[in-house]
Novice: 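Let me begin by handing over the structure; questions about it come next.
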Amino acid sequence: MNIKHICTAIGAALLSFSTVRAQEPLSLTLAECRERALAHSEELQQADNRLEQARLDRQIASTAALPNIEGSATGAYVLPDIDMMGMELRMRGTYMAGLTLTQPIYAGGKISAARRMARIGEEVAGEQRRMTRMDVLVEADNAYWTLVAVEGKVRMLESYAAQMDTLYTQTAAAVEAGMALENDRLRIEAKRSEIRYQLQKARNGADLCRMSLCRVIGADNDVRPVPADTLFQPAAPGVLQADLEARPELRMLKQQVALGEQQIRDARSAMLPTAGLSLGYTYYGNIKLNSMVDAGNGTFVPHTQEFRDGLGLAMVAVKIPIFHWGESRKKVRKARFELRNAQLDLQKNTRLMSLEVEQAIRNVEDGYRMIQTAELALRQAEENLRVMRNRHAAQMAPLTDLLDAQSQWQQAASNRIEAQTQYRIYQTEYLRASGRLE
């Protein structure tokens with residue numbers, strides 16, 4: 001075997017292996033699809049990070065009311081020596097070391113306002129994470145049920161194509177026997193071509209839906225998800241409540257109002273006095289004082305005195321703002337306008353969300369009625385097709401009536417699949433709109 005044949009064999013083996021991998025099935029229930037989507041979502045991971053950041057901000061804000069302890073150490077080498085009325089102060093290698101404790105006593109409410117704002121920020125981050133999680137679940141459900149619907153249409157079109165193949169075989173045999181017209185065979189052949197075209201489109205759509213679902217769950221493109229949950233007759237939706245209290249968007253808007261109230265307190269704190277306590281202790285050494293001292297009989301001798309000691313400090317500081325050209329008052333007014341805007345946003349969006357949840361409820365109820373209508377139409381189409389087959393077999397109905405009955409059955413079956421899929425999607429959207437999608 002030459003090199004060319006070897007390369008050809010290896011290429012064929014690799015192509016066969018890749019084909020097998022491309023057909024690798026992955027059985028997937030809706031719950032597993034949701035779990036994979038949540039684990040893969042980059043948006044949800046970012047929301048988790050923002051929540052952790054908000055928790056750290058709250059912890060940082062809590063430390064503002066606690067005492068701060070700082071240590072310091074200083075070394076100095078001063079040249080030349082300092083002349084002090086005939087004496088020399090030598091500071092070559094002087095050192096100082098100390099501790100300082102600072103405790104805020106009153107900050108005009110700024111510290112408490114900052115702590116409340118940080119707590120509100122943490123709650124907002126938590127609601128943002130809930131909202132992101134719901135968006136991921138909605139996307140996963142839509143991708144899952146869309147794939148189920150498209151694969152259902154593929155199976156339905158395959159059954160339709162098989163029926164047309166059988167009819168074509170029977171008609172071709174009848175034409176050969178002189179019991180049917182050539183026009184009937186051509187008419188069926190044209191219908192078969194149309195069905196094959198629709199089937200190919202449905203298969204292409206199924207491949208796109210599989211790739212979309214793979215993207216949502218974080219699977220490779222060579223994986224073929226196989227939905228384990230199928231569409232079936234759903235139960236009546238029952239009484240659906242238009243309650244918005246659990247919706248994260250509403251809670252976030254309410255937190256924005258609470259944040260605006262704290263911002264007013266924070267701006268007002270600049271108009272109030274502040275007080276703080278400081279305690280400190282510093283130890284110093286290696287400070288020398290050189291001088292001449294009288295040793296008696298008029299004799300002066302050199303003398304060196306070294307200073308090593310510690311100093312304690314206690315201080316209370318009070319700062320009272322007196323005049324800043326109305327800056328603080330203007331900031332308070334600005335914060336009040338921001339609070340009013342937050343209240344207006346809450347009112348407007350509450351009405352919009354109420355309309356949204358009402359629409360979601362109506363969609364669920366209408367979707368259930370559409371399923372009932374589609375199933376009734378499918379039963380009628382199946383019965384009509386059965387009757388037309390019998391009549392055509394008995395030569396009591398023309399071929400066009402049988403083809404029309406088959407087309408009506410195909411359309412009715414497609415409508416039922418679409419109605420069942422849309423109902424599932426409407427249910428998920430209602431849970432999201434009411435804040436109960438978990």
Side-chain angles (χ1 to χ4, degrees), residues 52-119 121-122 262-263 265-332:
E52 290 299 324
Q53 288 177 326
R55 288 173 178 169
L56 292 175
D57 287 338
R58 177 181 57 81
Q59 295 172 4
I60 292 171
S62 299
T63 63
L66 302 177
N68 292 330
I69 301 176
E70 298 177 350
S72 63
T74 305
Y77 194 92
V78 181
L79 287 175
D81 297 338
I82 302 173
D83 185 10
M84 300 180 62
M85 301 179 64
M87 295 181 293
E88 291 182 349
L89 181 63
R90 176 172 294 183
M91 301 177 63
R92 300 179 184 180
T94 300
Y95 60 86
M96 291 181 292
L99 292 174
T100 303
L101 183 146
T102 304
Q103 172 65 54
I105 300 176
Y106 179 70
K110 189 178 186 65
I111 295 177
S112 59
R115 293 172 63 180
R116 294 190 186 100
M117 287 190 289
R119 185 173 63 252
E122 182 182 359
Q262 298 304 320
Q263 287 175 339
R265 293 188 176 94
D266 182 69
R268 190 182 291 120
S269 65
M271 305 167 58
L272 301 176
T274 59
L277 171 66
S278 295
L279 299 176
Y281 180 82
T282 302
Y283 183 81
Y284 61 90
N286 203 18
I287 301 176
K288 298 178 180 180
L289 184 63
N290 298 328
S291 62
M292 302 295 292
V293 297
D294 188 358
N297 300 322
T299 303
F300 290 88
V301 296
H303 175 72
T304 300
Q305 182 180 2
E306 183 177 356
F307 296 94
R308 298 175 184 269
D309 203 352
L311 296 175
L313 172 67
M315 179 178 63
V316 176
V318 178
K319 184 175 70 173
I320 302 175
I322 297 177
F323 183 69
H324 293 281
W325 303 97
E327 175 186 1
S328 299
R329 294 183 181 276
K330 291 181 176 64
K331 289 183 178 180
V332 172

Novice: Between Lys288 and Glu306 (salt bridge meaning N to carboxylate O under 4.0 Å), is one present in this structure?
Specialist: no
Novice: Please indicate whether Met84 has more than 12 foreign heavy atoms, meaning atoms of other residues, nucleotides or ligands, lying under 6.0 Å from its CE.
Specialist: no
Novice: For the CZ atom of Arg90 and the CG atom of Leu289, what is their distance to the nearest 0.5 Å?
Specialist: 11.0 Å
Novice: Hey, what do you get for CZ (Arg119) to CG (Asp57), rounding to the nearest 0.5 Å?
Specialist: 14.0 Å
Novice: Would you say Leu311 and Asp309 make side-chain contact, with heavy atoms under 4.5 Å?
Specialist: no
Novice: Kindly indicate whether the side chain of Leu272, heavy atoms from C-beta on, has any atom under 4.5 Å from the side chain of Tyr106.
Specialist: yes
Novice: To the nearest 0.5 Å, tell me how far His324 NE2 sits from Lys331 NZ.
Specialist: 10.0 Å
Novice: Please report the closest heavy-atom contact between Ala113 and Arg265, naming both atoms and the distance.
Specialist: CB-CB, 4.3 Å
Novice: Considering only heavy atoms from C-beta outward, does the side chain of Leu313 approach that of Leu279 to under 4.5 Å?
Specialist: no
Novice: Give a yes or no answer on whether the side chain of Gln262 reaches the backbone of Ser112 with a donor-acceptor pair at less than 3.5 Å.
Specialist: no
Novice: Which atom pair, heavy atoms only, marks the closest approach of Ala118 to Arg58?
Specialist: CB-CA, 3.5 Å
Novice: Could you walk me through whether Thr102 and Asn68 satisfy the side-chain hydrogen bond (donor to acceptor under 3.5 Å, both in side chains) test, starting with their C-alpha distance in whole Å, then the side-chain angles of each, then the deciding distance to 0.1 Å, before giving a yes or no?
Specialist: CA-CA 5 Å; Thr102 304; Asn68 292 330; over 6 Å; no
Novice: Report yes if the side chains of Pro104 and Ile111 come closer than 4.5 Å at any heavy-atom pair, otherwise no.
Specialist: yes
Novice: Please report the shortest heavy-atom distance between Gln103 and Leu66, naming the atom on each side.
Specialist: OE1-C, 3.9 Å
Novice: So how far is it from Tyr284 OH to Tyr95 OH, rounded to the nearest 0.5 Å?
Specialist: 10.5 Å
Novice: Please find the pair of heavy atoms, one from Ala65 and one from Arg115, that lie closest to each other, and give the distance.
Specialist: CB-NH1, 4.3 Å
Novice: If only side-chain N and O atoms count, and only distance matters, is there a donor-acceptor pair under 3.5 Å linking Asn286 with Thr94?
Specialist: no
Novice: Can you give me the closest heavy-atom contact between Gly71 and Leu99, atom names plus distance?
Specialist: CA-CD2, 3.8 Å
Novice: If you define the side chain from C-beta out and look only at heavy atoms, does anything of Arg308 sit under 4.5 Å from Tyr283?
Specialist: yes
Novice: How far does CE of Met85 sit from OG of Ser291, to the nearest 0.5 angstrom?
Specialist: 12.5 Å
Novice: Which value, rounded to the nearest 0.5 Å, describes the distance between Met315 atom CE and Leu277 atom CG?
Specialist: 8.5 Å
Novice: Please enumerate all residues that pass side chain to side chain donor-acceptor pair (under 3.5 Å) together with Arg92, with sequence neighbours excluded.
Specialist: Asp81
Novice: Where do Gly108 and Thr274 come nearest, in terms of heavy atoms and distance?
Specialist: N-CG2, 4.5 Å
Novice: Please determine whether a side-chain nitrogen of the Lys or Arg among Arg55 and Glu52 lies less than 4.0 Å from a carboxylate oxygen of the Asp or Glu.
Specialist: yes
